[in-house]
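Heads up: the structure comes next, in structure tokens.
Remember, it's a predicted structure, so these values are computed and weren't measured experimentally.
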Amino acid sequence: MIDLRSVNKEELESMVVELGFPKFRADQVMKWIFKGKNSFRDMTNVPDSLKLSLEKIAYIEHLELVRMQVSEIDGTKKALFRLSDGNMIESVFMKYKFGNTICVSSQAGCRMGCVFCASGKLGLARNLTPGEMISQILDMENATGEKINHIVMMGTGEPFDNYENMAKFIRLANAKDGLGIGMRNITVSTCGIVPRIKDFAEEFNQVNLAISLHAFDNDARSSIMPINKKYPLEELVRACKDYNRLTGRRITFEYTLIKDVNDDIKAAKKLVSLLKGVHCHINLIPLNRVVESGLDTISRDRAKEFADSIESMGIPATVRRELGSDIDGACGQLRLSKNIN
Ligand code: SAH
């Protein structure tokens, strides 16, 4: 069976033509799909005969909303969705001045094993399909009644570990006959799977790239992010410079401040020298509490001081606004949920 939330216009057209219907019917079906409808019954301008034929070969993915938590601090909403095979994923809806943003998960679980992050604690269950990523947006819109116009791929999972599905998702999200979200309104965050940075630069030179750095040298980075043993900092930094050259765009580095691990002035200096020659911006995230990690966070004031010292050495830096902390909706707190209560 084919998931219609995973197919693009051309694919849908050839399905429709193969079933013996004129091409323009694909337009109509596609409009309903991206309006968030998940039943053929809703497609009032589509002939019953086409609906019947489609039903035999295709279905429309949708996620079951198990729970919606709303932050009392800032109105951020975190949805727990059940996938059709029973796996659970989380997505977060945030309101910013510039627009409504969704934080999308790319995998159920994650196999990167970063020590400070809750999302990988249970390992990887499986990759999400493009339709399951699209569904997070459509079903979040259905649940909140709000239109979403910005995407950050900063939920559970490593997007570059599920590259092809992520790529198709971005194309569908961007397509005029898909969600119509501008490439520049989409941000992908990676822990640094180096070969994919080049692929991404070539294919998606308008999409924002964020890289989770979190450390200033290989020893420090390898001890908290196992991926660094495979792709050490020299390779990562080289790929970032290539990215700058290929796209002409700036990279955002995410740097989670962990008390006594990477938060002193020596760390700031080393960080700045590591990134010399990379066109970038540093986004500092005071570590969000994840009980199992045993790591400590620092105050926002200390984070601002760290930002100031980095800026004084020549790299723009900001402290990320923390949204949804009271519902465990902040960075690194989303997880593959096994049990619901
Ligand atoms: N796998 C991708 C996407 C995850 S994005 C990546 O690594 O970039 C989520 C961001 O939150 C990443 O920068 C991640 O390193 C960061 N993060 C994870 N755990 C965190 C925590 N406990 N506190 C603050 N940030 C965290």
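- Side-chain N or O atoms of Ser189 include none that pairs as donor or acceptor with a backbone N or O of Ile211 at under 3.5 Å.
- Taking the six-membered ring wherever Trp is involved, the centroid distance between the rings of His150 and Phe98 falls below 6.0 Å.
- Side-chain atoms of Asn149 never come within 3.5 Å of backbone atoms of Gly99 as a donor-acceptor pair (strictly under, hydrogens ignored).
- With hydrogens and angles ignored, the 3.5 Å screen pairs a side-chain donor or acceptor of Arg249 with a backbone N or O of Gln206.
- Without hydrogens or angle criteria, Asn262 side chain to Leu257 main chain gives no donor-acceptor distance under 3.5 Å.
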Checking His214 against Phe253 for the ring pair (Phe, Tyr, Trp, His ring centres under 6.0 Å) test, could you report, in this order, the C-alpha distance in whole Å, the side-chain angles of both residues, the deciding distance, and whether it holds?
CA-CA 8 Å; His214 306 323; Phe253 287 106; over 10 Å; no

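- Not a single donor-acceptor pair under 3.5 Å links the side chain of Asn283 to the backbone N or O of Thr252.
- The salt bridge (Lys or Arg N to Asp or Glu O under 4.0 Å) test with Glu132 is passed by exactly one of Arg82, Arg126, Arg5: Arg126.
- In this structure the side chain of Asp326 reaches within 4.5 angstrom of the side chain of Glu72, judged on heavy atoms.
- Checked by atom type and distance alone, the side chain of His279 never pairs as donor or acceptor with a backbone atom of Gly277 at under 3.5 Å.
- When atom types are taken as modelled, the side chain of Gln107 and the backbone of Pro159 share no donor-acceptor pair closer than 3.5 angstrom.
- At least one donor-acceptor pair closer than 3.5 Å links the side chain of Ser223 to the backbone N or O of Ala220.
- Between Phe216 and Tyr255, a ring centre-to-centre spacing not shorter than 6.0 Å is recorded.
- Listed for the Asn127 side chain is no donor-acceptor partner under 3.5 Å among the backbone atoms of Ser106.
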